[in-house]
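Just so it is clear, the model here is predicted, and its values are computed rather than measured. In each ligand, atom 1 is the first atom listed, and ligand 1 is the first ligand listed.
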Amino acid sequence: MENFETIAVRTQAERTGFQEHSVPLYLTSSYVFEDAEEMRASFAEEKERNIYSRFTNPNTSEFVEKIAKMEGAEAGYAFATGMSAVFSTLATLLDSDDHIISARAVFGSTHSLFTKFFPKWNISHSYFNVNEVDKIESLIKPETKVIFAETPTNPGVDILDLEELGRIAKKHDLLLVIDNCFATPYLQNPIKFGADLVIHSATKLIDGQGRVLGGVTVGSGELIREIYLFSRNTGPALSPFNAWVLSKSLETLAVRLDRHCENALKVAEFLETENNAENVKYPFLKSHPQYEIAKKQMKQGGNIVSFEIRGGIEAGRKFIDKLELCSRSANLGDTRTIVTHPASTTHSKLSKEELAAAGISEGLVRVSVGLESVEDIIKDLKNALNN
Ligand SMILES: Cc1ncc(COP(=O)(O)O)c(C=O)c1O
């Protein structure tokens, strides 16, 4: 197997007759056939080739091949967004009356999928708390098919033990699906620990520059074949332009992530010294409750730091207003540092009890540490915390 950086740079769509060095953008909806026989054989899948860009396209295939190699997976399919990857993957795997077990701390739209939309098809769920992986087995029912989790979690930056999740899934013959968005394939490979499918919102660190939306699911050839058939007919395909951007972005993922992680650790260490910041959480801080697990399964700690600001919702809003360099925005994983206060924004519709159950305190602040000078990021945070 090639090294990560070489996969990132050298996995390329086949060169055309122009002998281009950098992969061109294939903006084409469909492909032509030599004759009726070739067309028949292609549709019958006797011949592997591009037919229509909702199925495959050279740019999306290149992007998928890179992510699959990086994650140690056999195959994959690329989606228009991270959420279409989550939805299409689970909709492929689950039938009506099936049951899914998930960590309670999942991205807001994934939570909505489980609580508002899957019940339309009688698909039910049970949640476990991030620190209660040992309770999963007691939640398993005859109709349980999937265990789903994110690690690190959004926005609480908690860590789930992938090896333990893999062991439980295997023992009970369940599929383990991991949303690996916060770690990226550079920092963590869930398949090594027993995951069957790995999902990414490529919108975040994979693009890394806040430009395009995208998603991808990778896993065994057999499972991806099912996901491909579902998706080729339902139409959540990634656009060739976005695939081209994302594949280029992957070329620099390792170098970008090295700096993101270095900056994030420095920001976390700074926050630990601040009186107005409590419960600073970063996977590679020794004080993180799951530090040992993070060290076992992640190469570095990622770029997200969370902390609680003394003074609850009002203090959180004031802190956000005082920021001058850091962006007030809903995205994460950008070159630009982004600060969010979930209780007054993304999670403002949740009651106090619901917030607590999701592990979100009123003062919780999430920092997606960017690639600006870390001295400048810290100066901005210090100023906003103390004025
Ligand atoms: C962990 C996680 N999964 C999935 C998504 C959804 O991704 P997208 O916005 O690309 O649909 C997000 C978005 O923030 C996320 O943070």
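Atom NZ of Lys299 sits in a crowded spot, with more than 12 heavy atoms from other residues, nucleotides or ligands closer than 6.0 Å. Atom CG of Asp321 is surrounded by more than 12 heavy atoms from other residues, nucleotides or ligands within 6.0 Å.
An N or O contact shorter than 3.5 Å links Asp179 to ligand 1 by distance. For ligand 1, the polar-atom distance check finds no N/O of Phe107 at less than 3.5 Å from any of the ligand's N/O atoms. The distance criterion of under 3.5 Å between nitrogen or oxygen atoms is met by Lys204 with respect to ligand 1.
The residue from Val367, Leu332, Thr153 that alone fulfils the side chain to side chain contact (heavy atoms under 4.5 Å, CB included) condition with Ile304 is Leu332.
Contact annotation: for Met83 versus ligand 1, heavy atoms closer than 4.0 Å belong to both the backbone and the side chain.
Residue Thr203 approaches ligand 1 through these ligand atoms, each under 4.0 Å from one of its heavy atoms: 8 (P), 10 (O). With ligand atoms numbered from 1 in the order given, ligand 1 contributes 16 (O) to contacts under 4.0 Å with heavy atoms of Asn154. Taking every heavy atom of Glu150 and a limit of under 4.0 angstrom, the matching atoms of ligand 1 come to 1 (C).
Cation-pi check for Lys281 over Phe307 is not met; the charged atom does not lie both under 6.0 angstrom from the ring centroid and within 45 degrees of its normal.
Within the 4.5 Å cutoff, side-chain heavy atoms of Pro185 are placed close to those of Glu71.
For atom 7 (O) of ligand 1, the closest non-hydrogen atom on the protein side is Ser201 OG, 3.0 Å.
With respect to the salt-bridge test (charged N to carboxylate O, under 4.0 angstrom), the residues Arg15 and Glu20 do not qualify.
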